Amino acid sequence: MDIESPDKLIELLDRHDYLADRGLATAAFLALRMGRPLFLEGEAGVGKTELAKTLGKLLKAPLIRLQCYEGLDASQALYDWDFARQLLHLKAAEAAGIADAARLEGEIYDRRFLIARPLLKAVETQPSVLLVDEIDRADDEFEAFLLEVLSDFTVSVPELGTIRAATPPVVVVTSNRTREVHDALKRRCLYHWLEHPSFDREVAILLRRLPGCTEELALQVARAAERLRRADLVKPPGVAETLDWTEALLTLGARELDPDLAAVTLGAALKYREDVATVLGNGLLSHG
């Protein structure tokens with residue numbers, strides 16, 4: 001798809017119910033045009049992962065997600081051999097009386113026994129959108145490995161040779177900044193810090209994503225979310241939590257943000273006991 005400008009990308013994202021500001025749209029547009037990974041950093045729930053999902057939809061490309069976590073290693077991200085199927089093949093060959101060791105070795109290391117993990121799958125799938133989610137949760141060693149893969153989008157499988165992407169995937173790397181990601185990886189990418197949306201944009205998001213939401217409820221929830229983000233909370237609500245909170249209120253038939261109803265549904269927006277206690281103790285839901 002030929003996207004000729006950031007404004008056009010804003011329009012296309014809007015058609016898929018993702019309301020991007022110009023800064024984010026420009027960063028994403030440049031990443032697409034320049035063939036560079038887009039590194040999105042920001043608080044959890046501000047729309048980093050959702051942008052990758054939406055890009056997949058508008059580009060009509062499958063989203064391939066690599067969820068990072070502590071201890072993630074190359075084999076879990078790249079590929080692995082299907083040992084169970086290889087063993088079954090060897091047993092079947094033995095039963096058939098095949099004893100040629102060289103032939104059997106060649107057969108068990110055939111491509112059909114290779115399990116493609118997200119990185120290899122993205123290299124082999126054209127087009128595709130590769131989401132490397134929460135890279136800050138992975139170890140330093142995995143960061144270095146990822147940098148190597150992103151540099152040329154080739155995967156070396158000793159038994160099969162080198163697998164190269166005919167068309168490199170669109171890559172979105174996200175971080176919640178639980179730790180600093182190394183500069184080497186950031187330099188390979190185009191960087192954008194994703195803020196919580198402005199008040200008007202959050203209202204628009206609520207009305208767009210939740211058709212049953214009244215304008216009054218959207219305004220009141222967005223104001224409440226702003227107050228919660230200014231409070232000293234362990235984890236202030238992101239857009240994802242604001243949507244969940246509003247949906248919970250709508251499920252209970254609310255058309256405006258009644259403080260008592262807001263209090264009993266607060267678990268949709270806040271995920272720490274300390275935060276709930278802070279909000280209720282300081283009367284942050286009683287403001288208009």
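Computed from a predicted structure; not experimentally measured. Just the heavy atoms: all of them, side chains too, but no hydrogens, waters or symmetry mates, feed the values below.
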Undergrad: List the steps and the verdict of side-chain hydrogen bond (donor to acceptor under 3.5 Å, both in side chains) for T154 and D152.
TA: CA-CA 6 Å; T154 62; D152 56 8; 3.0 Å; yes
Undergrad: Taking NZ, NE, NH1 and NH2 as the nitrogens, is one of them in D2 or K8 under 4.0 Å from a carboxylate oxygen of the other?
TA: no
Undergrad: Could you tell me whether D183 and R188 make a salt bridge, using a distance below 4.0 angstrom between a side-chain N and a carboxylate O?
TA: no
Undergrad: With the side chain counted from C-beta on, respond yes when L59 and V170 share a heavy-atom pair under 4.5 Å apart, and no when they do not.
TA: yes
Undergrad: Taking a hydrophobic cluster as the set of Ile, Leu, Val, Met, Phe, Trp and Tyr residues connected by side-chain heavy atoms closer than 4.5 Å, whether directly or through intermediates, do I108 and F83 fall within one such cluster?
TA: yes
Undergrad: Less than 4.0 Å between a side-chain N and a carboxylate O, is that true for R177 and D136?
TA: no
Undergrad: When you compare the side chain of T174 with that of I135, does any pair of heavy atoms fall below 4.5 Å?
TA: no
Undergrad: Treat each ILVMFWY residue as a node, draw an edge where side-chain heavy atoms are under 4.5 Å apart, and state whether I163 and Y79 are in one component.
TA: yes
Undergrad: Side-chain heavy atoms under 4.5 angstrom apart, residues restricted to Ile, Leu, Val, Met, Phe, Trp, Tyr: same cluster for W245 and V276?
TA: yes
Undergrad: Could you name each residue pair satisfying ring-ring contact (aromatic ring centres under 6.0 Å, His included) that touches residues 144-165, not counting sequence neighbours?
TA: F142-F145
Undergrad: For the CD atom on E215, are there more than 12 heavy atoms of other groups (residues, nucleotides or ligands in this structure) within a distance under 6.0 Å?
TA: no
Undergrad: Taking all atoms of both residues into account, what is the closest heavy-atom pair of S128 and A122, and its distance?
TA: OG-O, 3.4 Å
Undergrad: side-chain hydrogen bond (donor to acceptor under 3.5 Å, both in side chains) for D7 and S5? Distances and angles first, verdict last.
TA: CA-CA 5 Å; D7 287 336; S5 68; 5.1 Å; no
Undergrad: Following the transitive rule for hydrophobic clusters with a side-chain heavy-atom cut-off under 4.5 Å over Ile, Leu, Val, Met, Phe, Trp and Tyr, establish whether L130 and V155 coincide in one cluster.
TA: yes
Undergrad: Could you walk me through whether E134 and N176 pass the side-chain hydrogen bond (donor to acceptor under 3.5 Å, both in side chains) check?
TA: CA-CA 6 Å; E134 299 184 329; N176 294 335; 3.0 Å; yes
Undergrad: Could you pull out the closest heavy-atom pair between V123 and R164, with the gap in Å?
TA: CG1-C, 3.9 Å
Undergrad: Of all the heavy-atom pairs spanning D258 and D260, show the shortest one and how long it is.
TA: OD2-N, 3.0 Å
Undergrad: Please report the shortest heavy-atom distance between D14 and R208, naming the atom on each side.
TA: O-NH1, 2.8 Å
Undergrad: At their closest point, which heavy atom of R22 faces which heavy atom of P6, and how far apart are they?
TA: NH1-CB, 4.3 Å
Undergrad: Checking one residue: V234. Which other hydrophobic residues are in its cluster under the side-chain 4.5 Å linking rule?
TA: Y272
Undergrad: Inspect the contact between K186 and E143 and indicate whether a charged nitrogen and a carboxylate oxygen are less than 4.0 angstrom apart.
TA: no
Undergrad: I'd like to know whether CD of E107 has more than 12 heavy-atom contacts from other residues, nucleotides or ligands below 6.0 angstrom.
TA: yes
Undergrad: Heavy-atom count around R33 CZ within 6.0 Å, excluding the residue itself: above 12?
TA: yes
Undergrad: D133 and T49: side-chain donor and acceptor closer than 3.5 Å?
TA: yes
Undergrad: Write out all pairs satisfying side-chain hydrogen bond (donor to acceptor under 3.5 Å, both in side chains) with one or both partners inside residues 231-243, taking only residues at least two apart or from two chains.
TA: E202-T242, R229-T242
Undergrad: F39 and H192: aromatic ring centres closer than 6.0 Å?
TA: no
Undergrad: Is the ring pair Y109/W81 parallel, tilted or perpendicular, if the boundaries are 30 and 60 degrees?
TA: perpendicular
Undergrad: Give me the atom names and distance for the closest heavy-atom approach of A268 to D244.
TA: O-CB, 3.7 Å
Undergrad: Check for me, please, whether L13 and L207 land in the same ILVMFWY cluster - side-chain distances under 4.5 Å, paths through other members count.
TA: no
Undergrad: Check whether R85 reaches the backbone of R112 with its side chain - one donor and one acceptor, N or O, closer than 3.5 Å.
TA: yes
